[in-house]
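Chain naming here is simple, since letters A, B, ... match the order of the sequence lines and numbering starts at 1 in each.
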Number of protein chains: 2
Amino acid sequence: MGTTRQEDRTSSTAQRRRELLEAADRVVLREGPGASMNAIAAEAGITKPILYRHFGDKGGLYRALAVRHTDALLASLRAALDAPRDRRERVEATLDTYLAAIEDHPQVYRFLMHPAENSDGAAGNDRGFDVGQHSAPLLRRLGEELAKVIAERLDLGPESEELARVWGHGIVGMMHAAGDWWLRERPCERKQLVTHLADLLWGRLAAAGDRVGGPGF
Amino acid sequence: MGTTRQEDRTSSTAQRRRELLEAADRVVLREGPGASMNAIAAEAGITKPILYRHFGDKGGLYRALAVRHTDALLASLRAALDAPRDRRERVEATLDTYLAAIEDHPQVYRFLMHPAENSDGAAGNDRGFDVGQHSAPLLRRLGEELAKVIAERLDLGPESEELARVWGHGIVGMMHAAGDWWLRERPCERKQLVTHLADLLWGRLAAAGDRVGGPGF
DNA sequence: GCAGTTCGTTACCATCGGTAATACCCAGTC
DNA sequence: GACTGGGTATTACCGATGGTAACGAACTGC
């Protein structure tokens, strides 16, 4: 209860909403994605029904939280995408930005992508943040955003629109899956992962030679 | 209660387990991933504690179910991967096999990948299949499997092992994300999606020309 | 001073995952 | 044929959660 009723009154509903989101963020980062509505309300110094008045249901709160973080991530990615360098460097910068983000804030990442896993191992029963949809919205937003960039920058012939969207979602998925695996196993440096992925995007799979004795992949 | 006690007695525990899994499968396909343990037990003609005796907890049941489907999918993919054709055709066949699988059994797919979404819109409260981990195990298995194939078939120089794993997970992620988006929006024929993705893998992103007026992606 | 409205809280419900205590049935034994 | 023992399924229950209705307190306009 850090705020008096008077202070509450002075803050607009939008600002209050932000405060609640920040409180929710703290709890989620501390307790993992299984944080209960009660816990979040307590952290914010209020009680459950107020949360429900602001966000409708738990999914609404999650969605608001996810949008916040997704917006921030998208801003970073856009900066990398817009840097005045050549295409390969740009792709590498974008990959690196994404990977750096999930490396620097793994808690946030896990919350967005794997809502049912407990961040701390002893959080008791994993009831899970049974949100309407999980990582899909984030990935879809990123995919659409990348598709837009691709479509407006590259000349891809008559099917430009369609190709750009396929590639946008495909590349985002590649980045996501590789990043998820890398974050869990840390098999190499970030820089090297970036290079490997860019190589893949640059057609090195098609160019690689067959191994002796087999017909090749 | 379609089975008498006598019949129960005759079936071995392994067979019983299969029966339970099939019942669970039916319920999950009918009610969506939010199916409750009670509902599954009822479908199987038994009660909850028996399910817990067999699968430990809800995560165990989900995992068993997921493993079943993942095994089947992996078998199909391996067949496509092993076909005696050239590399491009093989990649396309694999992509197509995966996409055909998710196209033919979208319910299964949604259960594996988006466990919290209700398949039927009126399933009441979506408590969700708050499993330990969601789609990650499936994707990780596919990624590792593909990595193995890549590593043993392609000659990738000194970092072969590492590169193969990065690419394995990356390609699986690309396929997954693009497939997910495609399944939802159906923007084109499957065949075309396959071609687009294979093109991406074949370096067409790097080769594409800049659009007039900009520095290109 | 008083009525109405807004905001917050307490108390509660339904449901779920998960488990202990209970009744049950069958095999072997006297 | 009655009785006991071991494994099995059932009932009844617990704790926690998401979500909501009924209640109460404070501010506002008159």
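Across C:dG17, D:dG19, C:dT9, the shortest atom-to-atom separation from the side chain of B:Lys48 is found for C:dG17. For B:Lys58, taking side-chain heavy atoms from C-beta onward, the closest of the listed nucleotides D:dT10, D:dA21, C:dG18 is C:dG18. For B:Met37, the listed nucleotide lying nearest its side chain is C:dG17; candidates were C:dG17, C:dT19, C:dG8. Side-chain proximity of A:Arg53 to the nucleotides C:dC7, D:dA9, D:dG19 is greatest for C:dC7. Checking C:dT10, C:dG17, C:dA20 against every side-chain atom of B:Ser36, the shortest atom distance belongs to C:dG17.
Atom pair A:Tyr62:OH and D:dG18:P shows a separation of 15 Å (rounding to whole Å applied). When rounded to the nearest whole Å, the span between CG of A:Asp57 and P of C:dA14 equals 20 Å. Summarising the geometry, the separation between OH on A:Tyr52 and P on D:dG19 is reported as 4 Å, rounded to the nearest angstrom. As a whole-Å value, the separation of A:Ile40 CD1 from D:dG19 C1' is 14 Å. Put simply, CZ on A:Phe55 is 15 Å from P on D:dG18, counting in whole angstrom units. Taking atom CD1 on B:Ile50 and atom P on D:dT11, their separation rounds to 10 Å, with Å as the unit. Counting to the nearest Å, the P atom of D:dA12 and the CG atom of B:Asn38 are 14 Å from each other.
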Can you give each donor-acceptor pair under 3.5 Å made by side-chain atoms of residues 40-54 of chain B, sequence neighbours left out, with the distance rounded to 0.1 Å?
| from | atom 1 | to | atom 2 | distance (Å) |
| --- | --- | --- | --- | --- |
| B:Glu43 | OE1 | B:Arg30 | NH2 | 2.6 |
| B:Glu43 | OE2 | B:Arg26 | NE | 2.7 |
| B:Glu43 | OE2 | B:Arg26 | NH2 | 3.2 |

Table please: side-chain donor-acceptor pairs of residues 72-82 of chain A below 3.5 Å, with sequence neighbours left out.
| from | atom 1 | to | atom 2 | distance (Å) |
| --- | --- | --- | --- | --- |
| A:Ser76 | OG | A:Ala72 | O | 3.3 |
| A:Arg78 | NH1 | A:Glu145 | OE2 | 2.3 |
| A:Asp82 | OD1 | A:Arg153 | NH2 | 2.5 |

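Under the 3.5 Å distance criterion, with hydrogens and angles disregarded, a donor-acceptor pair is assigned to the side chains of A:Asp25 and A:His69.
Phosphate contact (OP1/OP2 of C:dG8, side-chain N/O of A:Thr47, threshold under 4.0 Å): absent.
By the salt bridge (Lys or Arg N to Asp or Glu O under 4.0 Å) test, B:Asp104 is found to be paired with no residue, residues two or more places apart in sequence or in another chain being considered. The side chain to side chain donor-acceptor pair (under 3.5 Å) test applied to A:Glu161 returns no partner, not counting sequence neighbours. With sequence neighbours left out, the side chain to side chain donor-acceptor pair (under 3.5 Å) criterion links B:Asp199 to B:Arg88, B:Arg204.
Axis orientation changes by 30° from one end of the helix from C:dG1-D:dC30 to C:dC30-D:dG1 to the other, with each end axis drawn from 5 pairs and the value rounded to 10°.
Using bins of under 30°, 30° to 60° and over 60° for the plane-to-plane angle, the ring pair B:His169/A:Trp181 lands in the parallel bin.
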